[in-house]
Protein chains: 2
Amino acid sequence: MSSYELPLRLFLAFRVLIDELHAELARQGHPDIRPMHGFVLQAIGAHGTTAVELGRTLGVSKQAAGKTIETLERLGYVERGVDPRDSRRKIVRISSKGYDALAKSARIFDRLRQGWAERLGEERLQALESDLRKVTPQDVWRLDVPGWFGA
Amino acid sequence: MSSYELPLRLFLAFRVLIDELHAELARQGHPDIRPMHGFVLQAIGAHGTTAVELGRTLGVSKQAAGKTIETLERLGYVERGVDPRDSRRKIVRISSKGYDALAKSARIFDRLRQGWAERLGEERLQALESDLRKVTPQDVWRLDVPGWFGA
DNA sequence: ATTTATAGTCAACCAGGTTGTCTATCGTGT
DNA sequence: ACACGATAGACAACCTGGTTGACTATAAAT
């Protein structure tokens, strides 16, 4: 096929996962969560963060990060509190609803991955994951912080 | 390995290709082309199309398609003419500048794919492409792209 | 001939990004 | 001790690319 196939298929593969995730999340009580909110919650992390910090992590301006936080707060996925040691900072923390969404997302992603493993074979899927790691930047934003999914 | 890694890596792999494409396109005389414009040109095709048709192909509203066409026309990548058999329709055709961008994009994608082939091995890359085809829809052009191309 | 469907445009709105400006607070160097 | 530079957050104006709804012109069907 065309030179466009590889990038397009990568994008479509991503979209397939994200679309199924959100259809399923909607069924499981999170109809208003938007694609990427899960990734933002991941980026916020278990210890909380601030707008400036989140902006740096995600590679956007602090104002953009602030708007996203505002949206997530309005939807109830994060809560904001003050930093007792620095009254300029407002700590953003994942709420219990946020943890619920994260836990459900993780389970759904695992199930979707299982579906792929059945279609491609676990071996081939592991090869695919390994190859993707080789062509993408390492150390994206620490995805393996322990204790993220418990609530 | 978190449940989020697979979708994230797919997205990052896509972004790596798109970012390098546009850096290179800018060097080759197309500094103002935006991520996705190439895909839209592909969707327009050699026979031309209309705003309504393009919207259907891309899975967006006719108004959104119209805005994108307007942008591409302003940048000189497409031209609009009337349909002699239906005076309501305005046919959108790829301009010579548009074809130049498409040809260069194809060459750049091919070169990027070659780089991956050298890093992963041609065999593994073909396996990856084959696996991606198995988990993505056949209808490659319905990719409600909005928002996903970032940058 | 009248009705219905279609193509395109305009307007209002939204999300999420940008830059610039401003205030409050912190931390440091003299 | 304190003045000053750096930082966190908020606000405003603006951009892009989506959305829906309303409207006009034209084509097609009954």
Side-chain angles (χ1 to χ4, degrees), chain A residues 11 15 18-19 22 31-41 43-44 47-93, chain B residues 11 15 18-19 22 31-41 43-44 47-75 77-93 141-151:
Chain A
F11 178 68
R15 279 298 306 269
I18 292 299
D19 288 351
H22 283 85
D32 47 11
I33 204 166
R34 308 248 309 108
M36 295 265 93
H37 281 171
F39 291 106
V40 174
L41 290 179
I44 290 170
H47 303 97
T49 185
T50 66
V52 166
E53 227 175 84
L54 182 61
R56 273 199 255 278
T57 306
L58 298 177
V60 300
S61 67
K62 60 181 181 176
Q63 293 91 334
K67 284 191 195 179
T68 301
I69 289 168
E70 207 173 337
T71 304
L72 285 172
E73 192 183 25
R74 184 170 37 79
L75 295 175
Y77 289 103
V78 303
E79 289 157 354
R80 267 191 284 196
V82 294
D83 184 338
R85 291 177 305 186
D86 184 341
S87 55
R88 293 170 307 175
R89 306 176 78 225
K90 295 194 177 170
I91 310 290
V92 181
R93 281 195 198 76
Chain B
F11 179 66
R15 281 295 305 271
I18 291 299
D19 289 351
H22 282 84
D32 46 11
I33 206 167
R34 307 252 309 113
M36 140 183 76
H37 282 171
F39 291 105
V40 174
L41 289 180
I44 290 172
H47 304 97
T49 186
T50 66
V52 167
E53 227 175 82
L54 182 61
R56 273 200 255 277
T57 305
L58 298 177
V60 299
S61 66
K62 59 182 183 176
Q63 295 93 330
K67 282 192 197 180
T68 302
I69 289 167
E70 208 173 339
T71 304
L72 285 172
E73 191 183 26
R74 184 169 38 76
L75 296 175
Y77 289 102
V78 302
E79 290 156 354
R80 266 191 284 195
V82 294
D83 183 339
R85 291 177 305 189
D86 184 339
S87 57
R88 291 171 306 177
R89 307 175 77 224
K90 296 194 179 171
I91 310 291
V92 181
R93 283 194 196 75
W141 288 118
R142 263 204 85 91
L143 35 52
D144 327 282
V145 182
W148 284 114
F149 279 86

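Numbers restart at 1 for each chain; the letters A, B, ... are given by sequence-line order, proteins then strands.
Between B/Ser87 and D/dA27, a side-chain N or O to OP1/OP2 separation shorter than 4.0 Å is present. Neither OP1 nor OP2 of D/dT20 sits under 4.0 Å from any side-chain N or O of B/Lys62. Using a 4.0 Å cut-off, some side-chain N or O of A/Thr50 falls inside it from OP1 or OP2 of D/dG9. For C/dG16, the OP1/OP2 oxygens have a side-chain nitrogen or oxygen of A/Thr71 closer than 4.0 Å. A sub-4.0 Å separation between OP1 or OP2 of D/dA10 and a side-chain N or O of A/Arg80 is present.
A straight line from CD1 of A/Ile69 to P of C/dG16 spans 13 Å, rounded to a whole angstrom. Spacing between atom CG of B/Asp86 and atom C1' of C/dA5 amounts to 12 Å, rounded to whole angstrom units. Atom pair A/Leu54:CG and C/dG16:C1' shows a separation of 13 Å (rounding to whole Å applied). When rounded to the nearest whole Å, the span between CD of B/Glu70 and P of C/dA11 equals 12 Å. Rounded to a whole Å, the CG atom of A/Leu58 is 16 Å from the C1' atom of C/dA15.
Of the candidates C/dT25, C/dG8, D/dG18, the closest approach to any side-chain atom of B/Arg89 belongs to C/dG8. Comparing D/dG18, C/dT25, C/dG17 by their nearest atom to the side chain of B/Met36 picks out D/dG18. Out of C/dG17, C/dA7, D/dT19, the shortest distance to the side chain of B/Arg88 is found at C/dA7. When distances are taken from the side chain of A/Thr68 to each of C/dA15, C/dT9, C/dG17, the shortest belongs to C/dG17.
Using a 4.0 Å heavy-atom cutoff across all strands shown, A/Arg56 reaches sugar-phosphate atoms only and no base atom. At the heavy-atom level, B/Ser61 lies under 4.0 Å from base atoms of the strands shown. Within 4.0 Å of B/Ala51, counting heavy atoms only, lie sugar-phosphate atoms of the nucleic acid but no base atom. Residue contacts shown for B/Lys67 include a base, since a base heavy atom lies under 4.0 Å away.
If you check distances only, the side chain of A/Gln63 does reach the base of C/dG20 with a donor-acceptor pair under 3.5 Å.
Nearest-nucleotide positions on DNA chain C place B/Glu53 closer to the 5' end than the other of A/Arg74 and B/Glu53.
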Side chain to side chain contact (heavy atoms under 4.5 Å, CB included), that's the test. Do A/Leu54 and A/Val92 meet it? Break it down for me.
CA-CA 9 Å; A/Leu54 182 61; A/Val92 181; over 6 Å; no
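Tested against B/Val40 for a side chain to side chain contact (heavy atoms under 4.5 Å, CB included), the candidates B/Thr68, B/Thr71, B/Val78, B/Thr57 yield a single pass: B/Thr68.
Once rounded to the nearest 0.5 Å, the distance linking CD of A/Glu70 with CG of A/Leu75 reads 11.0 Å.
Listed here is the closest heavy atom pair of A/Tyr77 and A/Leu41: O-CD2, 4.0 Å. Looking at every heavy atom in both residues, B/Ala65 comes nearest to B/Ala51 through CB-O, 3.4 Å.
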